[in-house]
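Scope of the values below: all heavy atoms of this structure, side chains included, with no hydrogens, waters or symmetry mates. As the structure lists them, so they are numbered: ligands from 1, and atoms in each ligand from 1.
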Amino acid sequence: MSARTIAVLTSGGDAPGMNAAIRAVVRAGITSGLRVMGVRRGYNGLLSGDAFEMNLRSVSDIIHRGGTALYTARSPEFNTPEGVQRAADMCHKLGIDGVVVIGGDGSFRGARDLTGAGIPCIGIPGTIDNDIASSEYTIGFDTAMNTAVQMIDRLRDTTESHDRCSVVEVMGRRCGDLALQTGIAVGATTILVPEVPFDFQKDIIERMRFTQKTGKKHFIIIVAEGVGHVTELAEDIESQTGIESRATVLGHVQRGGSPTLRDRVVGSEMGYHAVELLSQGKSNRVIVVRNSKIIDLDITEALQAVRPFNIELYRIAHKISI
Ligand code: ADP
């Protein structure tokens with residue numbers, strides 16, 4: 001049976017572009033004859049019944065804003081069989097017969113469980129980390145990369161003026177994509193990612209010494225969040241090379257800001273596609289980018305996907321940043 005009243009929520013970490021997806025779900029839902037409810041603060045809102053009916057104007061003026069207009073949360077309470085059942089009961093009470101969940105893999109596990117409890121769900125990948133193995137791309141990644149590049153360009157100015165080394169931690173949880181892309185774009189001497197083991201002497205000190213001999217005087221080392229320890233790394237680099245080294249953790253600035261064109265467009269397309277699936281009576285699907293196309297997969301299957309790290313691009317980065 002196809003859904004008549006659908007709900008949309010954002011869950012887990014926020015990401016720029018989530019608003020474009022919310023907007024698309026609301027507008028596509030209403031124009032195809034569905035009632036659309038907005039649920040605040042992820043699964044917490046489903047548990048407490050914090051939901052409201054949305055109209056075409058409820059999503060005006062949000063496409064260019066970062067964050068999520070529906071707010072987001074992590075919900076330990078939902079993450080239990082009783083919690084999932086209570087959320088399903090609340091959906092029945094509110095007349096919700098389909099839910100679009102915008103979030104990461106954790107949120108998709110929740111969507112799978114809620115589908116199992118009788119409420120059809122569709123997942124949309126929204127996270128700045130690009131750490132959803134089933135999808136080549138997640139909403140928010142492009143904005144976060146561009147924000148990181150802008151910030152590191154600023155660091156580069158001062159690093160260059162003082163002949164220093166900047167050791168910069170970027171986000172990405174256990175995924176090195178953000179570090180890799182950003183590292184190439186800022187011309188980092190070395191990029192450290194969790195997917196590739198590194199040798200401190202060979203990959204950092206020897207590279208710095210080699211480039212120093214060719215005239216290089218300032219250095220940027222990009223470190224993925226999953227590698228960490230930037231303060232210790234900066235101290236060790238300074239003690240071994242004598243080059244003044246500073247650690248910078250970019251932190252949550254990478255999560256905010258107006259979404260880029262790409263995040264607005266991908267968010268809009270995915271939101272539209274999610275409504276189409278619910279209208280067709282489909283459930284337990286997640287929308288992903290595969291071979292640069294937007295398609296949908298079974299959530300359970302998607303959660304088992306393994307995506308290899310782009311080692312070729314990593315090697316290119318090391319060859320040319322010398
Ligand atoms: P993300 O969706 O960004 O990966 P989390 O892992 O924090 O973020 O998950 C968001 C929420 O999804 C959790 O707070 C929880 O309510 C729900 N969730 C996570 N894992 C599960 C699970 N295994 N089963 C059911 N719900 C889950």
Exercise. Is the shortest distance from a heavy atom of Thr127 to ligand 1 less than 4.0 Å?
Worked result: no
For this session: Assess the side chains of Asn146 and Gln150: does a donor N or O sit below 3.5 Å from an acceptor N or O?
Result: no
For this session: Could you list the atoms of ligand 1 found under 4.0 angstrom from a heavy atom of Gly104?
Result: 1 (P), 2 (O), 3 (O), 4 (O)
Problem set entry | Contacting atoms of ligand 1, where contact means under 4.0 angstrom from a heavy atom of Arg173 | 3 (O), 4 (O)
For this session: Give the residue and atom name of whichever protein heavy atom lies nearest to atom 2 (O) of ligand 1, and the separation in Å to one decimal.
Result: Ser107 OG, 2.5 Å
For this session: Considering heavy atoms of the protein only, find what lies nearest to atom 26 (N) of ligand 1 and give residue, atom and distance to 0.1 Å.
Result: Gly110 CA, 3.3 Å
Seminar exercise, completed: atom 8 (O) of ligand 1: closest protein heavy atom, distance to 0.1 Å, is Gly12 CA, 3.6 Å
For this session: Give the residue, atom name and distance (to 0.1 Å) of the protein heavy atom nearest atom 22 (C) of ligand 1.
Result: Asn79 OD1, 3.2 Å
Seminar exercise, completed: of all protein heavy atoms, closest to atom 7 (O) of ligand 1 is Arg74 NE, 2.7 Å
Exercise. Can a salt bridge be assigned to the pair Arg173 and Asp105 using a cut-off of 4.0 Å between side-chain N and carboxylate O?
Worked result: no
Exercise. Can you tell me the protein heavy atom closest to atom 11 (C) of ligand 1 and the distance?
Worked result: Ser11 OG, 3.7 Å
Problem set entry | Contact atoms of ligand 1, heavy-atom distance to Gly13 under 4.0 Å | 3 (O)
Exercise. Is it the side chain (CB and beyond), the backbone, both or neither of Asp113 that lies under 4.0 Å from ligand 1, heavy atoms counted?
Worked result: side chain
For this session: Find all atoms of ligand 1 within a distance of less than 4.0 Å from any non-hydrogen atom belonging to Phe78, and give their numbers and elements.
Result: 16 (O), 26 (N)
Seminar exercise, completed: For Phe108 and Ile132, the nearest pair of non-hydrogen atoms, with its separation, is CE1-CD1, 3.8 Å
Problem set entry | Closest protein heavy atom to atom 6 (O) of ligand 1, given as residue, atom name and distance to 0.1 Å | Gly106 CA, 3.5 Å
Exercise. Among Ala111, Ser75, Pro81, which residue places a heavy atom closest to atom 14 (O) of ligand 1?
Worked result: Ser75
For this session: Would you check if there is a donor-acceptor pair between the side chains of Asp263 and Tyr137 at a distance under 3.5 Å?
Result: yes
